[in-house]
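This structure is a prediction, so every number in the text was calculated from the model and none was measured. Letters A, B, ... mirror the listed sequences (proteins, then strands); counts begin at 1.
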There are 2 protein chains.
Amino acid sequence: MGLYSDLREKLISDYGKLSPQMQKAARYILDHPNEVALRSMRALAAAADVPPSTITRLMGAIGVGTWQEFRDHYQNRLLDQPASYAQRARETQSTEHDANRDEHLLESIARTEIDNIGAAFNPDLMAGMIRACAAIENARHVYIVGRGAAYPAAYQFAYAYRLFRDNGVLVDGHAGAFGDELRGIGRRDLMIAVAAKPYIRDTVRAVDFARSQHCPVIAISDSDVSPIALDAMTKLVVRDTSQSFFQSFTAALSVMQALVALLVARGGQKALQRISAAEEQLAAFDTYFED
Amino acid sequence: MGLYSDLREKLISDYGKLSPQMQKAARYILDHPNEVALRSMRALAAAADVPPSTITRLMGAIGVGTWQEFRDHYQNRLLDQPASYAQRARETQSTEHDANRDEHLLESIARTEIDNIGAAFNPDLMAGMIRACAAIENARHVYIVGRGAAYPAAYQFAYAYRLFRDNGVLVDGHAGAFGDELRGIGRRDLMIAVAAKPYIRDTVRAVDFARSQHCPVIAISDSDVSPIALDAMTKLVVRDTSQSFFQSFTAALSVMQALVALLVARGGQKALQRISAAEEQLAAFDTYFED
DNA sequence: ACTTGTTTGAAACATGTGTTTCAATGACCG
DNA sequence: CGGTCATTGAAACACATGTTTCAAACAAGT
């Protein structure tokens, strides 16, 4: 917003000082900002009924070096943030030097993570989460699959879920072969699978097996066409952009937690009672530390 | 929305029938719709790592005559987006009350999560993370402890860490009694502990044991005075505010991921080499699914 | 009317863009 | 093994794009 506003303000304030033809161009740009982002300079010039050179001259007059630069600002306004953030991240990285390289990396990570979360809770995905909840509530068993880097998200859900429902099964193969837990899976059950590139074979196999047994699948993944999402009943596609070599599972974890929150909210009093029963049982096992 | 959705659906449904290179292109387009609207075909092809001709061929394969036509749909989507948001808001208000309540909860969760992340990357904590990295780099062994709801964050770190360092030990007690892995821990080692209220006794005991053996501790926790943070060498206090009954571990996970990114960045070429060696080893074990 | 300076649009330019062509490769099948 | 056919990437292509150049048109002051 800031970048775009700056240029717009400049265009308005300098308007009086511009030559007639430039005013014509400036006026068209002010009235049709989207065209700047999407159409070519020549097309814009034609639409504004000025020769292309006028636009180039206008760029110089308002202190912008090049049309590309000008257009980038208008494009960023149309994007949800990710590009602008990424670009800003790149800018800061190129300008500053090793001195506080670590700080810059961390700041850039923070921005990316926030973007990822923000993108995860878009209307589409929220609708998908609500649909997923309905499916979970009606399932006989809920199998949760996630391997490798996706395991934390799967575990997180399974751990919380089992505090208020006893039909959750974490498929992790700690005791024996992976997939053992899936015996008997069927159309009345549900599988929740988490995976991002590179997809781990076990996870894909588990999903394929579930589908072969007509068990519907909810896929939390990084793409609509990831091997686990392709034929899923419900896809929850989350962004996993990361500054580092590893993809980020923050958004995936967040979505898992939100699913739990949603289930509890919809479960009402009964869910809360089960949770306190579970807590009591854990306390009886002396699980918690009291000070 | 209609036009864009049609093309998107077509891309997804035909995905399986496409050649490998076209799948690569299709996937990139599905994952980065904005780029289609704003960048050139050649730029997109480069980003997707396919030759330009593959994009042209893909257009033919999904029954679109020309790239221009395809891009127009994506451009229109960008322009229509604000309208569709408003429309959706009106829809939800007029339809069911239940769904509306769910969406409000999710929006509220999203805001809270973003706040938690934002708070986690404050200057203080970033400084702490940098100090933590220095300690990790000099440790003989790095023990990672986290139980219950904190386990995902601990696991996440351990999993990524072990891809480029071989001195990481996840203390999880899957094979035998919890804490077995800590035998021999000493002043030259380091323990990373994750815990939030209610503190699980195992975690507290592990931290106490580490301290009794003069092993420094990095505590990722919810309070400066939590039992694991009280005498820690470095405290990374993250917010875990949540709309639901359970606290949120999103910020903790994010911090763990950031630590890894930082370690890799500081590790330079050597760290990257180890990562690719680890990836090769995993590939040799046929861990990953290739399409 | 003549200079001086600005403004304007056509044309030239180098580069970028989308598409087509074509030879090389590889997979499949008799 | 050889033959067929789909798949692939480099190069060539025709055209579009943003910028620069240049001469014509114009305005204003003497």
Does OP1 or OP2 of [N] have a side-chain N or O of [X] closer than 4.0 Å?
X	N	result
B:Thr66	C:dG18	no
A:Ser19	C:dT7	no
B:Gln68	C:dG18	no

Provide, to the nearest angstrom, the distance between the [atom1] atom belonging to [X] and the [atom2] atom belonging to [N].
X	N	atom1	atom2	result
B:Met22	D:dA6	CE	P	12 Å
A:Leu44	D:dG18	CG	C1'	13 Å
B:Lys17	D:dA6	NZ	P	16 Å
A:Arg71	D:dA16	CZ	C1'	12 Å
B:Leu18	D:dA6	CG	C1'	14 Å
B:Met41	D:dC15	CE	C1'	14 Å

Go through B:Tyr155 and A:Tyr151 one step at a time and tell me if the ring pair (Phe, Tyr, Trp, His ring centres under 6.0 Å) criterion holds.
CA-CA 8 Å; B:Tyr155 183 93; A:Tyr151 181 63; 4.7 Å; yes
Does the side chain of [X] reach to within under 4.5 Å of the side chain of [Y], using non-hydrogen atoms?
X	Y	answer
A:Leu182	A:Met191	yes
A:Arg77	A:Val36	no
A:Tyr74	A:Ile29	yes

Could you check whether B:Arg39 gets within reach of a base, just the sugar-phosphate, or nothing at all, counting any heavy atom under 4.0 Å?
nothing
Verdict with supporting geometry, A:Val237 and B:Leu30, side chain to side chain contact (heavy atoms under 4.5 Å, CB included):
CA-CA 11 Å; A:Val237 177; B:Leu30 287 167; over 6 Å; no
Using the side chain to side chain donor-acceptor pair (under 3.5 Å) rule, collect all pairs that involve residues 58-69 of chain B, keeping only residues at least two apart or in two chains.
none
Which nucleotide in D:dG18, C:dT17, C:dT19 has an atom nearest any side-chain atom of B:Trp67
C:dT19
Winner on side-chain proximity to A:Gln21, out of D:dG18, C:dG18, C:dT8, is C:dT8
Just by distance, no angles: are the side chains of A:Thr250 and A:Glu113 close enough, under 3.5 Å, to form a donor-acceptor pair?
yes
Divergence of helical axes at both termini of the helix from C:dA1-D:dT30 to C:dG30-D:dC1 - five pairs an end, 10° steps:
10°
Confirm from the modelled atom types if B:Arg42 and C:dG16 form a donor-acceptor pair under 3.5 Å, side chain to base only.
no
Could you list by number each residue of residues 49-65 of chain A showing a heavy-atom separation from DNA chain C of less than 4.0 Å, or answer none if no residue does?
A:Pro51, A:Ser53, A:Arg57
Would you call A:Asp208 and A:Arg201 a salt bridge, using N to O less than 4.0 angstrom?
no
Has the side chain of A:Asp189 got a donor or acceptor atom that lies under 3.5 Å from a matching backbone atom of A:Gly186?
yes
